[in-house]
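Written out below as structure tokens is the structure these notes cover.
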2 protein chains.
Amino acid sequence: MSDHEQQPLPPTSRLSGDALPPVEQHARQYETVRNAHETELIEDYVELIGDLLRHRGEARAADIASRMAVSQATVSKMIRRLNELGLVTSRPYRSLFLTEAGQNMAETSRARHDVVLHFLRALGVRDTTARIDAEGMEHHVSDETLAIMQRFTETHQT
Amino acid sequence: MSDHEQQPLPPTSRLSGDALPPVEQHARQYETVRNAHETELIEDYVELIGDLLRHRGEARAADIASRMAVSQATVSKMIRRLNELGLVTSRPYRSLFLTEAGQNMAETSRARHDVVLHFLRALGVRDTTARIDAEGMEHHVSDETLAIMQRFTETHQT
DNA sequence: CAAATAGTTTAGCCTCGGCTAACAAATATT
DNA sequence: AATATTTGTTAGCCGAGGCTAAACTATTTG
Ligand SMILES: [Mn+2]
Ligand SMILES: [Mn+2]
Ligand SMILES: [Mn+2]
Ligand SMILES: [Mn+2]
């Protein structure tokens, strides 16, 4: 047995902040974060490629490198990975393109990102800050929270 | 020159969602996320050790392993790192303790975590979901946004 | 067209954060 | 006290995601 801890008592004394959640629930919190971190970078790449295609018509490795502030070698390696995952197609010295699966991921990620960004702005966060925070937060927002953020934004038009 | 991209035009046509931010600003978004990810796990460990000390009186490696759903070997290795960073003190088969620096980090992280958690609950997110989302979001919320979340929570008491 | 510049890929290195397996030490049980 | 169980450490493995340096390919420029 590894859980020699006794379970927390029912919510009685609320003296010093919240009590610890039950072990299994607590464990799921951290697991969810670890899972999000596995797909986070992939999503950011795919989303960025989609945005570059949408706004620039093409997505070159060098653009990704400068926009992410990462070396071209790093981008090159990641593109190989995206290729193996069936998310992008690439011919050397040509623009990258998204596969069907890549387009789906880009669309989903972009939508989620936008909801978070617009929500933060609706809350009153300055644009630059909202963009920075949204870039990280987007990967840790559940569908439930996302829906609430969207409703909030709609009902708090500026 | 690696930025052969031309800078986006001033915000004129707002047809298909937001425009791409300027390269340097965009780069800072991703850099901020990478920086957050460097300290994230450390903060979670220190925060958890602080919570275990607060609520249980002691923090054992085995508790951390089960609460994080991670092997004991992983915890053991991480404790060595926390030790080298001067955040915890440990004697084998005894509870871990936080150094002064560790206590400061735990306090700061806990406060931030609580603001995010209470904010999500005030928004209407169910407790279990709020806990999961807060565990990831907490590391990506700027001081500016944090302050706004706190104000929001205070003025939206249920 | 030759040379310079820009873009891409590859190779090799590093740290981090997981894991399992084996062992050691402390504690609990009989 | 002997044994069983729990707890902790160590070694060695792995993949992800960074980096630099070097080579190669395309494109642009003189
Ligand atoms: Mn995004
Ligand atoms: Mn992101
Ligand atoms: Mn994160
Ligand atoms: Mn956390």
Side-chain angles (χ1 to χ4, degrees), chain A residues 1-6 23 27 30-46 48-49 52 56 58-85 87-97 136 139, chain B residues 1-6 23 27 30-46 48-49 52 56 58-85 87-97 136 139:
Chain A
M1 269 309 148
S2 69
D3 57 338
H4 65 99
E5 275 188 73
Q6 55 232 33
V23 180
Y30 295 113
E31 281 169 343
T32 304
V33 173
R34 284 197 296 273
N35 289 340
H37 284 167
E38 268 180 29
T39 47
E40 207 175 299
L41 192 59
I42 302 284
E43 284 172 11
D44 280 344
Y45 267 85
V46 168
L48 177 54
I49 291 167
L52 287 170
R56 290 278 190 286
E58 60 174 13
R60 315 292 292 269
D63 304 343
I64 298 173
S66 54
R67 288 215 167 249
M68 289 204 169
V70 131
S71 77
Q72 295 192 179
T74 296
V75 173
S76 200
K77 199 202 278 190
M78 187 58 69
I79 289 171
R80 192 168 59 236
R81 248 190 97 200
L82 297 176
N83 223 307
E84 286 161 3
L85 292 171
L87 294 166
V88 310
T89 61
S90 68
R91 283 141 49 217
Y93 299 92
R94 291 287 179 278
S95 173
L96 299 166
F97 291 100
H139 310 281
Chain B
M1 267 315 147
S2 69
D3 57 337
H4 66 100
E5 274 186 76
Q6 56 234 30
V23 180
Y30 295 113
E31 282 169 343
T32 304
V33 174
R34 284 197 297 272
N35 290 339
H37 283 165
E38 268 179 28
T39 46
E40 207 175 299
L41 193 60
I42 302 284
E43 285 171 12
D44 281 342
Y45 267 84
V46 168
L48 176 55
I49 291 167
L52 287 169
R56 291 277 190 285
E58 61 174 12
R60 316 292 292 269
D63 304 342
I64 298 173
S66 53
R67 287 215 169 250
M68 289 204 168
V70 130
S71 76
Q72 294 192 179
T74 296
V75 173
S76 200
K77 199 202 280 191
M78 186 60 67
I79 288 172
R80 191 168 59 235
R81 249 191 96 199
L82 297 176
N83 224 307
E84 286 161 4
L85 291 172
L87 294 167
V88 310
T89 61
S90 68
R91 283 144 49 219
Y93 298 92
R94 290 288 178 278
S95 173
L96 299 166
F97 291 100
H139 310 281

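Note that the structure is a prediction, hence the values are computed from the model and not measured.
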Residues in side chain to side chain donor-acceptor pair (under 3.5 Å) contact with [X], at least two apart in sequence or another chain:
X: A:T39; answer: none
X: B:N35; answer: none
X: A:T89; answer: none

Please report the shortest heavy-atom distance between [X] and [Y], naming the atom on each side.
X: A:H139; Y: A:E43; value: ND1-OE1, 3.2 Å
X: A:A27; Y: B:A69; value: CB-CB, 3.8 Å
X: A:D63; Y: A:E58; value: OD2-O, 4.5 Å

Close N or O pairs between protein and nucleotides 22-25 of chain D (under 3.5 Å):
{"from": "D:dT25", "atom 1": "O4'", "to": "A:Y93", "atom 2": "OH", "distance (Å)": "3.2"}
{"from": "D:dT25", "atom 1": "O2", "to": "A:Y93", "atom 2": "OH", "distance (Å)": "3.2"}

Roughly how many Å is it from [atom1] in [X] to [atom2] in [N], rounded to a whole number?
X: A:E38; N: D:dA16; atom1: CD; atom2: P; answer: 9 Å
X: A:L82; N: D:dA16; atom1: CG; atom2: C1'; answer: 13 Å
X: A:M78; N: C:dT9; atom1: CE; atom2: C1'; answer: 15 Å
X: B:M68; N: C:dG18; atom1: CE; atom2: C1'; answer: 13 Å
X: A:E40; N: D:dA16; atom1: CD; atom2: C1'; answer: 13 Å
X: B:N35; N: C:dC16; atom1: CG; atom2: P; answer: 14 Å
X: B:R91; N: C:dA24; atom1: CZ; atom2: P; answer: 23 Å
X: B:L41; N: C:dT15; atom1: CG; atom2: P; answer: 18 Å

Between B:R80 and D:dG8, does any side-chain N or O lie under 4.0 Å from OP1 or OP2? no
Give each protein N/O atom lying under 3.5 Å from an N/O atom of nucleotides 19-23 of chain C, with the pair distance.
{"from": "C:dC19", "atom 1": "OP2", "to": "B:S71", "atom 2": "N", "distance (Å)": "3.0"}
{"from": "C:dC19", "atom 1": "OP2", "to": "B:S71", "atom 2": "OG", "distance (Å)": "3.2"}
{"from": "C:dC19", "atom 1": "OP2", "to": "B:T74", "atom 2": "OG1", "distance (Å)": "2.9"}

What's B:R94 touching, base or sugar-phosphate or nothing? Going by heavy atoms closer than 4.0 Å. sugar-phosphate
B:I79 near the nucleic acid: base, sugar-phosphate alone, or nothing, with a heavy-atom cut-off under 4.0 Å? nothing
Return the 5'-most residue of the pair A:P92, B:Y45 with respect to DNA chain C, ranking by each residue's nearest nucleotide. A:P92
Restricting to side-chain contact (heavy atoms from CB on, under 4.5 Å), what partner residues turn up for [X], sequence neighbours left out?
X: B:L41; result: B:Y45, B:M78
X: A:A65; result: A:Q72, A:V75
X: B:S90; result: B:I79, B:N83, B:L96

